[in-house]
There are 2 protein chains.
Amino acid sequence: MKANVVIVEDDPLVAAHVGRGVEAHVGLSLVATTGTLAGARALIDRNVDLFILDLGLPDGSGIELIEEIRARAGLEPKILVLSVLGDQDTVLAAVLAGADGYLLKDIDSLDIGQQAADALTGGAPLSPSIAAYVLRHLRRQREDAKPDDADPPLSPREIELLQLLARGYSNRQAAAELEISPHTIGDHVKSIYRKLRVSNRGEAMVRAFRSGLLRL
Amino acid sequence: MKANVVIVEDDPLVAAHVGRGVEAHVGLSLVATTGTLAGARALIDRNVDLFILDLGLPDGSGIELIEEIRARAGLEPKILVLSVLGDQDTVLAAVLAGADGYLLKDIDSLDIGQQAADALTGGAPLSPSIAAYVLRHLRRQREDAKPDDADPPLSPREIELLQLLARGYSNRQAAAELEISPHTIGDHVKSIYRKLRVSNRGEAMVRAFRSGLLRL
DNA sequence: GCGACCACCCCGTAAACGGGGGATTGAAAT
DNA sequence: ATTTCAATCCCCCGTTTACGGGGTGGTCGC
């Protein structure tokens with residue numbers, strides 16, 4: 001059983017080249033080629049195993065198409081992006097929308113058939129420069145969420161108070177809850193602000209979340 | 001000026017094979033080969049541009065080495081992992097530790113030189129099956145952060161303001177930033193509080209996080 | 001026309017903020 | 001053994017800000 005492949009590409013030369021690559025590969029069957037978003041939409045519900053698509057189409061962005069394909073329940077065709085657009089925003093948008101692979105047109109597409117086969121078997125062919133964006137993005141998220149429990153840790157009392165503040169308690173209310181003086185609450189709050197390096201309640205909450213002191 | 005490459009690989013056959021790949025590439029200069037973590041550590045502070053390393057070493061995991069290299073300030077050598085270990089945990093650990101690329105040993109390493117060159121120029125060579133893990137992980141984070149409120153949606157202006165408040169802006173500062181009257185800021189803030197059903201800044205931030213209006 | 005969103009204004013009360021002062025305890029460092 | 005330090009607690013001060021209520025007017029889309 002050969003995999004059904006659809007090519008979405010407005011440049012006839014590129015489309016033809018990719019088409020040859022697909023047909024040269026055993027296991028792949030080129031069932032259609034279209035140059036527009038509209039044409040591709042008409043094919044979504046057909047029995048397609050793999051879309052190889054360009055992002056810059058005359059009637060819109062291929063990213064829309066990715067979203068539409070992924071919105072279909074039940075269908076899980078693979079999507080391999082083949083684009084000249086290598087900027088970080090475009091790449092991330094495509095990947096987050098659900099692309100299974102992202103290849104730049106500047107690579108030697110001699111083995112486009114192999115790349116397509118990789119995609120079909122659960123792999124994610126990425127051009128190295130594309131992969132660099134993705135990895136960078138991954139690591140950035142990691143570092144954003146980490147860097148500050150090492151600053152100055154809050155004392156147990158301060159954490160206790162912080163959780164009350166997160167629930168909207170005023171200093172006075174927190175004082176009643178903890179059965180201490182409102183002045184002392186004020187002191188603890190000052191202390192929290194100093195340790196978190198903020199100067200008001202809102203920012204303190206934000207930092208508390210980002211530090212993992214408060215949970216979602 | 002050729003790039004200095006160090007190979008960290010305990011299997012002599014693989015090391016030799018990779019070494020040939022490196023030497024066959026103009027622009028790459030193989031300066032050392034070692035089969036142990038200890039041997040690699042001695043090379044960290046040398047002038048190395050690229051490490052090609054195996055993860056399964058006799059005296060520990062290559063991931064430790066990645067962390068040690070990345071902990072060095074000033075040095076920014078590229079790190080290309082070449083491993084038989086293709087499980088998701090290992091891959092993510094290596095990538096998050098700071099690997100610039102990850103290749104499985106089952107690929108045809110004929111073009112190891114090319115992959116190395118890609119890594120040196122800022123690319124991230126990933127085997128397709130490896131890339132699939134990375135993309136899946138990326139998207140999962142996205143979906144975890146998504147499921148949201150539908151309570152009362154904030155207007156664009158209110159969201160804009162909310163983000164300023166999250167950064168600790170006072171009403172007056174936000175007014176300056178958005179170039180509108182402080183009174184109007186107050187009005188928008190009231191509106192936000194009403195929609196989020198809170199009555200102060202701190203609680204508003206908390207609800208914004210829990211609603212997905214603000215991201216970690 | 002009605003309801004949103006956005007913008008602006010005034011008011012008063014209440015709260016937060018940012019300094020200062022001091023006390024006690026217990027652990028850690030010298 | 002003395003000191004130093006963090007944590008907890010208490011208090012006062014003044015200034016700034018937030019909060020919650022009121023009202024006005026404009027634009028836009030349905």
Side-chain angles (χ1 to χ4, degrees), chain A residues 60 64 146-215, chain B residues 148-215:
Chain A
E64 299 172 32
K146 199 191 278 186
D148 50 353
D149 44 355
D151 292 270
L154 297 190
S155 71
R157 197 56 155 177
E158 287 161 353
I159 291 177
E160 197 179 0
L161 175 53
L162 191 69
Q163 286 162 348
L164 293 181
L165 298 186
R167 283 152 61 187
Y169 280 52
S170 70
N171 288 359
R172 182 180 310 277
Q173 289 172 324
E177 179 70 25
L178 298 181
E179 296 180 309
I180 57 178
S181 161
H183 298 294
T184 303
I185 295 293
D187 292 334
H188 287 316
V189 171
K190 288 175 195 174
S191 180
I192 291 172
Y193 290 172
R194 182 167 30 79
K195 288 179 179 175
L196 297 183
R197 299 191 306 277
V198 299
S199 57
N200 61 55
R201 253 175 175 64
E203 208 179 358
M205 292 302 115
V206 172
R207 290 206 78 85
F209 268 106
R210 303 211 213 266
S211 303
L213 293 169
L214 290 175
R215 311 233 172 278
Chain B
D148 47 10
D149 46 19
D151 293 289
L154 297 190
S155 73
R157 197 56 156 176
E158 287 161 353
I159 291 176
E160 198 178 1
L161 175 55
L162 189 70
Q163 286 163 348
L164 293 181
L165 298 185
R167 282 153 59 188
Y169 281 51
S170 69
N171 288 0
R172 181 180 311 278
Q173 289 172 324
E177 179 69 24
L178 298 181
E179 294 179 310
I180 58 180
S181 161
H183 298 105
T184 303
I185 294 293
D187 292 334
H188 287 317
V189 171
K190 290 175 195 174
S191 179
I192 291 172
Y193 289 173
R194 183 166 29 79
K195 287 178 178 176
L196 296 183
R197 299 192 305 279
V198 299
S199 56
N200 61 56
R201 253 173 173 67
E203 211 179 354
M205 291 304 114
V206 172
R207 290 208 79 86
F209 268 106
R210 301 210 213 268
S211 302
L213 292 169
L214 288 175
R215 305 243 172 269

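Every chain is numbered from 1, with letters handed out A, B, ... down the list of sequences. All figures in this text were calculated on a predicted structure; none of them were measured in a lab.
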Return the value, rounded to whole Å, for the distance between atom CG of B:Leu162 and atom P of C:dC5. 15 Å

Please report the distance, rounded to the nearest Å, between CZ in B:Arg194 and C1' in C:dC6. 13 Å

Spatial distance of atom CD1 (B:Ile192) from atom CG (B:Leu165) [nearest 0.5 Å]: 6.0 Å

Is there a residue in residues 170-178 of chain B whose heavy atoms reach under 4.0 Å of DNA chain D, and which residues are they? B:Ser170, B:Asn171, B:Arg172

Is any side-chain heavy atom of B:His188 closer than 4.5 Å to a side-chain heavy atom of B:Leu162? no

Check whether any side-chain N or O of A:Ser181 sits under 4.0 Å from OP1 or OP2 of D:dC11, and answer yes or no. yes

Taking the basic N atoms (NZ, or NE/NH1/NH2) and the acidic carboxylate oxygens, is any pair closer than 4.0 Å for B:Glu203 and A:Arg167? no

Closest approach to the side chain of B:Ile180, judged atom by atom: which nucleotide of D:dC9, C:dA7, C:dC9 is it? C:dA7

Applying side chain to side chain donor-acceptor pair (under 3.5 Å) to B:Asn171 and not counting sequence neighbours gives B:Arg201

Atom CD of B:Glu203 and atom C1' of C:dA16: how far apart are they, to the nearest Å? 16 Å

Scan nucleotides 4-7 of chain D against the protein and return all N/O pairs shorter than 3.5 Å with their distances rounded to 0.1 Å.
from	atom 1	to	atom 2	distance (Å)
D:dA7	OP2	A:Lys195	NZ	3.1

State, with a plain yes or no, whether a side-chain heavy atom of A:Leu196 is found less than 4.5 Å away from one of A:Leu213. yes

Heavy-atom pair with the smallest gap, counting every atom of A:Asn200 and B:Gly168: ND2-O, 2.9 Å

Quiz: residues 172-181 of chain A side-chain donor-acceptor pairs under 3.5 angstrom, not counting sequence neighbours:
from	atom 1	to	atom 2	distance (Å)
A:Gln173	OE1	A:Ser170	N	2.9
A:Ser181	OG	A:His183	N	3.0

Which atom names give the shortest non-hydrogen contact between B:Met205 and A:Gly202, and what distance separates them? CG-O, 3.4 Å

Student check: side-chain heavy atoms of A:Phe209 and B:Arg210 closer than 4.5 Å: yes

Scanning both residues in full, the closest heavy-atom pair of A:Ala204 with A:Tyr193 reads CB-CE2, 3.8 Å

Distance check needed: C:dC17 P versus A:His183 NE2, whole Å only. 16 Å

Between P on C:dC8 and CD1 on B:Ile185, what's the gap in Å once rounded to a whole number? 9 Å

Rounding to 10°, can you tell me the angle the first-five-pair axis of the helix from C:dG3-D:dC28 to C:dA29-D:dT2 makes with its last-five-pair axis? 50°

Do the side chain of B:Ser211 and the main chain of B:Arg207 share a donor and acceptor less than 3.5 angstrom apart? yes

Distances under 3.5 Å between protein N/O atoms and the N/O atoms of nucleotides 20-26 of chain D, please, pair by pair.
from	atom 1	to	atom 2	distance (Å)
D:dG21	N7	B:Lys190	NZ	3.2
D:dG21	O6	B:Lys190	NZ	2.4

Should B:Leu164 and B:Glu160 be marked as a side-chain contact (heavy atoms from CB on, under 4.5 Å) after you check the CA-CA gap, both sets of side-chain angles, and the distance that decides it? CA-CA 7 Å; B:Leu164 293 181; B:Glu160 198 178 1; 5.6 Å; no

In whole angstrom, give the distance that lies between atom CG of B:Leu161 and atom C1' of D:dA18. 13 Å

